[in-house]
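We name chains A, B, ... by the order of the sequence lines, and we start the count at 1 in each one.
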2 protein chains.
Amino acid sequence: MDAKELLKQHLAKTVSLSDDEFDYFFSHFQPHAYKKGQVIIGAGDKVDCEYFVLEGCVKTFHLTDDLKMFILQFAMPTWWASDYNALYSGQRATVSVDCITDVELLCLTSADREKLCREIHAVEHFFRWRTNKGFVAAHKRLLSLMSTDAKHRYEELLRQYPQLYNFVPKNQIAAYLGVSRETLSRLYHAR
Amino acid sequence: MDAKELLKQHLAKTVSLSDDEFDYFFSHFQPHAYKKGQVIIGAGDKVDCEYFVLEGCVKTFHLTDDLKMFILQFAMPTWWASDYNALYSGQRATVSVDCITDVELLCLTSADREKLCREIHAVEHFFRWRTNKGFVAAHKRLLSLMSTDAKHRYEELLRQYPQLYNFVPKNQIAAYLGVSRETLSRLYHAR
DNA sequence: CGCTGAATGTGACATAGGTCACCCGATGCG
DNA sequence: CGCATCGGGTGACCTATGTCACATTCAGCG
């Protein structure tokens with residue numbers, strides 16, 4: 001499926017746009033391709049885009065001062081990624097985005113997003129619901145982090161994204177679960 | 001300040017509505033008063049409202065099967081609270097809301113929220129931004145939970161909400177930080 | 001081929017935090 | 001008044017997980 005069709009079907013799950021409206025909407029997106037390992041947003045960058053993943057997988061993560069990595073999200077096709085704090089507040093990035101595999105994505109500037117939201121009510125509706133879902137998902141993850149142990153979270157992750165295990169290095173899975181690489185290794189070798 | 005003025009000023013931080021529009025918007029809210037300890041949303045309830053806090057403090061929390069409590073949010077005046085997962089998905093509540101103090105709030109049904117969002121573009125814009133902020137805050141908290149220890153999170157909380165310490169029982173502060181009551185006690189008595 | 005550097009497994013040990021048991025003091029209520 | 005209840009503090013001990021050190025495997029590459 002090409003980029004345009006993928007985005008169109010993604011929108012159609014939440015709102016219905018006329019073909020003209022969608023064409024106009026789509027015209028604001030810039031396609032980009034990245035290689036595995038490339039950095040899309042690095043710590044300290046000015047952030048003015050968000051990204052819609054077409055192909056491959058990116059991760060959004062934070063590096064602490066002592067260089068420990070914590071992963072907020074793995075973004076697969078039809079997922080969105082950016083440092084939303086930086087994007088909305090204008091501050092410099094504290095959350096980075098890079099490529100776990102070769103990646104194709106569409107880039108939308110924040111200015112264009114706001115323009116489209118102003119011009120097309122249905123677009124604003126779409127972005128409201130997208131963020132709603134993210135908000136609910138983040139709260140679920142907060143509860144999961146607080147209330148269950150690493151093993152449980154690990155099984156949860158496997159259930160939700162079995163594919164991840166094929167291509168995401170284990171140290172990154174660990175950084176998503178909030179445990180050390182060693183602990184993760186012990187978990188799924190049934191200690 | 002009365003309810004209407006408080007909500008009006010809250011909206012005005014994000015969007016500008018005409019007086020007529022705001023009056024119409026406001027007419028969909030139901031005022032309610034609750035006593036300290038009262039339950040607004042209980043586990044298993046059908047959820048069709050969200051709440052705008054005018055006075056007092058509510059908490060949103062989850063109880064695990066073995067009755068451990070984990071607090072997602074303390075909502076003070078001008079904050080919103082509900083079980084957003086249940087509200088958006090139509091499922092039964094897994095997140096409860098109850099009153100830490102006597103509380104006054106405004107209640108908005110999900111049906112009315114969606115109606116208002118359809119009818120007034122600026123209202124949809126407002127709710128998009130409200131959720132944006134919540135989404136970013138949730139991600140910050142995720143990182144804080146994953147990357148820092150209980151003492152650090154405790155100090156963070158104190159900095160952000162010094163008032164909380166005056167009236168929220170310590171076991172609930174602990175349930176917010178994701179540690180046991182005993183550990184919290186040891187933390188701020190410098191162990 | 002053999003070298004190098006990821007990614008991964010695993011043992012030994014350290015430690016944050018949980019759990020349990022018990023205490024105290026304030027508050028409310030029959 | 002006397003008792004129960006609740007919030008809170010603290011000691012003893014337990015456990016999950018982090019940390020460090022080292023071994024192994026495998027892919028890419030000169």
Side-chain angles (χ1 to χ4, degrees), chain A residues 35-39 57 59 61-71 74 98-102 142-158 163-191, chain B residues 35-39 57 59 61-71 74 98-102 142-158 163-191:
Chain A
K35 287 286 167 199
K36 175 173 170 173
Q38 265 193 285
V39 174
C57 180
K59 65 172 186 281
F61 62 99
H62 174 73
L63 286 182
T64 58
D65 295 338
D66 53 339
L67 294 182
K68 277 175 204 150
M69 192 204 315
F70 296 94
I71 295 180
F74 296 109
D98 72 11
C99 301
I100 294 183
T101 63
D102 288 356
L142 271 174
L143 283 178
S144 156
L145 262 179
M146 290 200 285
S147 68
T148 74
D149 62 11
K151 178 153 198 172
H152 204 268
R153 297 203 297 280
Y154 156 74
E155 284 159 1
E156 225 169 68
L157 181 69
L158 270 194
Q163 337 88 298
L164 280 186
Y165 251 67
N166 303 133
F167 59 88
V168 182
K170 304 278 180 285
N171 62 343
Q172 298 187 16
I173 304 265
Y176 177 89
L177 295 175
V179 297
S180 68
R181 179 184 68 74
E182 293 91 331
T183 297
L184 177 63
S185 167
R186 284 167 180 130
L187 282 181
Y188 63 85
H189 285 272
R191 193 183 292 252
Chain B
K35 287 284 166 199
K36 175 174 169 172
Q38 264 194 285
V39 175
C57 180
K59 64 172 187 282
F61 62 98
H62 173 72
L63 286 182
T64 58
D65 296 338
D66 53 340
L67 295 181
K68 276 174 206 152
M69 191 204 319
F70 296 94
I71 295 180
F74 296 110
D98 72 12
C99 301
I100 294 183
T101 63
D102 289 356
L142 271 174
L143 283 178
S144 154
L145 262 180
M146 289 201 287
S147 68
T148 74
D149 62 10
K151 177 154 200 171
H152 204 269
R153 297 203 297 280
Y154 156 75
E155 284 159 2
E156 225 170 69
L157 180 68
L158 270 196
Q163 338 88 300
L164 280 185
Y165 250 68
N166 303 134
F167 58 88
V168 181
K170 305 277 180 285
N171 63 342
Q172 297 186 18
I173 304 265
Y176 177 90
L177 295 175
V179 297
S180 67
R181 179 184 68 75
E182 293 91 331
T183 297
L184 177 62
S185 167
R186 284 169 182 130
L187 282 181
Y188 64 85
H189 286 271
R191 192 184 289 252

What residues, two or more places apart in sequence or in another chain, satisfy side chain to side chain donor-acceptor pair (under 3.5 Å) together with [X]?
X	value
A:Gln163	none
A:Glu155	none
B:Ser144	B:Glu156
A:Thr101	none

Report, as yes or no, whether the 6.0 Å neighbourhood of atom CG on B:Asp65 holds more than 12 heavy atoms from other residues, nucleotides or ligands. no
Return the set of residues passing salt bridge (Lys or Arg N to Asp or Glu O under 4.0 Å) with A:Asp66 (not counting sequence neighbours), or none when no residue passes. A:Lys68
Between A:Gln172 and B:Arg153, whichever has its closest DNA chain C nucleotide further toward 5' is A:Gln172
List in chain and number order the residues that pass ring-ring contact (aromatic ring centres under 6.0 Å, His included) with A:Phe74, two or more places apart in sequence or in another chain; answer none if no residue qualifies. A:Tyr176
My understanding is that only residues two or more places apart in sequence, or in another chain, count here; which of them pass ring-ring contact (aromatic ring centres under 6.0 Å, His included) with B:Phe70? none
In whole angstroms, how far is the [atom2] atom of [N] from the [atom1] atom of [X]?
X	N	atom1	atom2	value
A:Leu187	D:dT17	CG	C1'	9 Å
A:His189	C:dG11	NE2	C1'	15 Å
B:Lys36	D:dC6	NZ	P	13 Å
A:Leu145	D:dT17	CG	C1'	14 Å
B:Ile100	D:dG7	CD1	P	12 Å
A:Leu184	D:dT17	CG	C1'	12 Å
B:Leu67	C:dG18	CG	C1'	17 Å
B:Asp149	D:dT19	CG	P	11 Å

Among D:dG7, D:dT10, C:dG17, find the nucleotide with the atom closest to the side chain of B:Ser185. D:dT10
From the candidates C:dT8, D:dT17, D:dG8, the one with an atom nearest any side-chain atom of B:Asn171 is D:dG8
If I compare all heavy atoms of A:Met146 with all of B:Ile71, which pair ends up nearest, and what's the gap? CE-O, 3.6 Å
Distance-minimising heavy-atom pair for A:Leu142 and B:Leu145: CD2-CD1, 3.5 Å
Look for any protein N or O under 3.5 Å of an N or O in nucleotides 28-30 of chain D and output each such pair with its distance, or none.
none

At what angle, to 10 degrees, do the two end axes of the helix from C:dC1-D:dG30 to C:dG30-D:dC1 meet, given five pairs define each axis? 30°
CG of B:Asn171 to OG of B:Ser185, rounded to nearest 0.5 Å, is 11.5 Å
Within the 4.0 Å heavy-atom criterion, would you say A:Gly37 contacts the bases, only the backbone, or no part of the nucleic acid? nothing
Would you indicate, yes or no, if D:dG9 has its OP1 or OP2 atom less than 4.0 angstrom from a side-chain nitrogen or oxygen of B:Tyr188? yes
Backbone of B:Ala174 reached by a side-chain donor or acceptor of B:Arg181 within 3.5 Å: no
For the side chain of B:Gln38 and the backbone of B:Lys35, is there at least one donor-acceptor N/O pair under 3.5 Å apart? yes
Atom pairs, N/O to N/O, protein against nucleotides 24-26 of chain D, distance under 3.5 Å?
none

Quick one: what's the B/S/- string for nucleotides 19-30 of chain C, heavy-atom cutoff under 4.0 Å, read 5' to 3'? BBB---------
Under the side chain to side chain contact (heavy atoms under 4.5 Å, CB included) test, which residues partner B:Lys170, sequence neighbours left out? B:Tyr165, B:Leu184, B:Tyr188
